[in-house]
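All remarks here apply to the structure that follows.
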Amino acid sequence: MEGMGLISWVVLGALVGFIGRRIMPGKDPGGCLVTPLIGIIGALIGGFLATRLGFGGIDGFDIRSLIIAILGSLIVLFFWRLIKGKPTA
């Protein structure tokens with residue numbers, strides 16, 4: 001994870017936040033600033049969990065890292081909806 005710069009994290013975060021919102025049905029609170037934040041936080045959480053489970057972390061832009069980041073963003077989006085009181089489906 002340490003190999004990625006700030007711009008890479010923002011781009012990856014925006015991408016996985018957008019993908020995560022499209023995968024998980026329902027209306028989401030937030031807007032164009034929340035989507036990349038969900039993605040960035042999701043990438044961090046996904047990388048942390050993947051490392052702890054022995055799958056490795058996020059090393060850059062490859063398919064494995066993208067999947068890990070998307071799964072992390074889905075986790076963050078699920079909890080974001082719980083906190084905001086919106087239904088998850």
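Keep in mind that the numbers below use all heavy atoms, side chains included, and drop hydrogens, waters and symmetry copies.
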For the [atom1] atom of [X] and the [atom2] atom of [Y], what is their distance to the nearest 0.5 Å?
{"X": "Phe79", "Y": "Ile41", "atom1": "CZ", "atom2": "CD1", "value": "13.5 Å"}
{"X": "Ile40", "Y": "Ile45", "atom1": "CD1", "atom2": "CD1", "value": "12.5 Å"}
{"X": "Ile63", "Y": "Ile68", "atom1": "CD1", "atom2": "CD1", "value": "11.0 Å"}
{"X": "Ile70", "Y": "Ile75", "atom1": "CD1", "atom2": "CD1", "value": "12.5 Å"}

- Message: In the structure I gave you, are the side-chain heavy atoms of Leu37 and Val76 within less than 4.5 Å of one another anywhere?
- Response: no
Taking all atoms of both residues into account, what is the closest heavy-atom pair of [X] and [Y], and its distance?
{"X": "Val16", "Y": "Ala69", "value": "CG1-CB, 3.7 Å"}
{"X": "Arg21", "Y": "Leu77", "value": "CA-CD2, 3.9 Å"}
{"X": "Gly20", "Y": "Ser73", "value": "CA-OG, 3.9 Å"}

